[in-house]
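Residue indices begin at 1 and follow the sequence shown. In what follows, every heavy atom counts, from backbone to side chain, and hydrogens, waters and symmetry copies are set aside.
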Amino acid sequence: MSRTPAPSAPAPARRESILDAAEDLFLRQGYEGTSVHQVVQRVGIAQGTFYYHFPSKEAVLDALVERALHPFGEAAQTRATEDRPPWERVVEVLSQVLRIRSERGPLMAYIHREGNLKLHETFLRRVKERFGPLLVSLLEEGMASGTLHVHAPEETASFLLVTAEYLFDSPHWLGDPTVYEAQLKVAASVVEGLLGLPHDAVDLDLLGGRKG
């Protein structure tokens, strides 16, 4: 069986064009309703070229989620190294998670559309992988300095991300802003409780990814 020869060198631009085409098709007709053949037709490449860059359609989905998260993960990493109390940097990291909601609206709406379980699970897994270790590191730093009294940093980080995921999963952020505002206040109270902060210590605009 003959094999399609791989390109002589990696082609980042070609890879990005595949991702662009796949994202557009997924948004228009769904992940399950999109075939690899349709993606390669949209890009104008051979099917072997597609498989040189991605082993499967699922790998494309994973890469799309990673691409969406990347700038927010980079920003969170930068904020986490600032000369500020650890708890403030924890809130900054969570704010970057929620900025995804506000800045990648069409993708977020699609992820939370009924029937997109695979994409939703991929998104949540990637969020945990990208932001979880950073939160754990900040919590441990706060414990070491005596500014945070957290007994189980990994579990606390998981609960912090679950709080952010609750806001992601709420359908109201796409509709009535007053409902989302009420949910954001509850989320801030949860964060304050997990970190042992006084009431109203967390800036709602910052937590909600609306500034910073």
Inset, instruction - Please report the C-alpha distance between Leu19 and His53 in whole Å, then the side-chain angles of each, then the deciding distance to 0.1 Å, and finally whether the side-chain contact (heavy atoms from CB on, under 4.5 Å) criterion is met. - result: CA-CA 10 Å; Leu19 290 176; His53 291 283; over 6 Å; no
Would a 4.5 Å heavy-atom cut-off, applied to side chains only, mark [X] and [Y] as touching?
X      : Y     : answer
Tyr51  : Val36 : yes
Asp203 : Val91 : no
Ile18  : Ile45 : yes
Arg15  : Tyr52 : no
Phe50  : Val60 : yes
Leu135 : Leu94 : yes
Gln29  : Gln38 : yes
Val40  : Thr49 : no

Nearest 0.5 Å, please: how far is [atom2] in [Y] from [atom1] in [X]?
X      : Y      : atom1 : atom2 : answer
Glu16  : Arg67  : CD    : CZ    : 5.0 Å
Leu64  : Thr122 : CG    : OG1   : 10.5 Å
Glu23  : Leu61  : CD    : CG    : 10.5 Å
Trp87  : Leu195 : CH2   : CG    : 8.5 Å
Leu139 : Leu194 : CG    : CG    : 9.0 Å

Inset, instruction - Determine, using the 4.5 Å side-chain heavy-atom cutoff (strictly less than), whether Val136 and Phe131 are members of one ILVMFWY cluster. - result: no
Legend entry - Same cluster (ILVMFWY, side-chain, under 4.5 Å), Tyr166 and Leu124: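 Tyr166 and Leu124: one cluster.
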Legend entry - Worked verdict on Leu160 versus Val190 for side-chain contact (heavy atoms from CB on, under 4.5 Å): CA-CA 8 Å; Leu160 288 169; Val190 171; over 6 Å; no
[X] bridged to [Y] by N-O distance under 4.0 Å:
X      : Y      : answer
Glu165 : Lys128 : no
Arg89  : Glu92  : no
Glu74  : Arg130 : yes
Glu121 : Arg125 : no

Quick one: does any side-chain atom of [X] pair with a main-chain N or O of [Y] as donor and acceptor, under 3.5 Å?
X      : Y      : value
Ser137 : Pro133 : no
Lys57  : Ala22  : no
Thr147 : Met143 : no
Gln96  : Gly73  : no
Glu66  : Arg126 : no
Thr81  : Thr78  : yes

Inset, instruction - Would you indicate whether Glu58, at its atom CD, is surrounded by more than 12 heavy atoms from other residues, nucleotides or ligands within a distance under 6.0 Å? - result: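 No, not enclosed.
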What pair of heavy atoms forms the shortest contact from [X] to [Y], and how long is it?
X      : Y      : value
Ser145 : Pro86  : OG-CG, 4.4 Å
Ala187 : Thr163 : CB-CG2, 3.6 Å
Ala63  : Phe54  : CB-CE2, 3.7 Å
Glu192 : Asp200 : OE2-N, 3.1 Å
Ala80  : Val93  : CB-CG2, 4.4 Å
Ala164 : Val97  : CB-CG1, 4.0 Å

Inset, instruction - Let me see the working for Tyr31 and Leu25 under side-chain contact (heavy atoms from CB on, under 4.5 Å), right down to the final yes or no. - result: CA-CA 8 Å; Tyr31 172 79; Leu25 288 168; over 6 Å; no
Inset, instruction - Among Asp24, Asp20, Thr34, find the residue that satisfies the side chain to side chain donor-acceptor pair (under 3.5 Å) test when tested with Arg42. - result: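 The residue from Asp24, Asp20, Thr34 that satisfies side chain to side chain donor-acceptor pair (under 3.5 Å) with Arg42 turns out to be Asp24.
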Inset, instruction - Show your working on side-chain contact (heavy atoms from CB on, under 4.5 Å) between Gln77 and Leu134 and close with a plain yes or no. - result: CA-CA 7 Å; Gln77 188 71 49; Leu134 192 55; 3.8 Å; yes
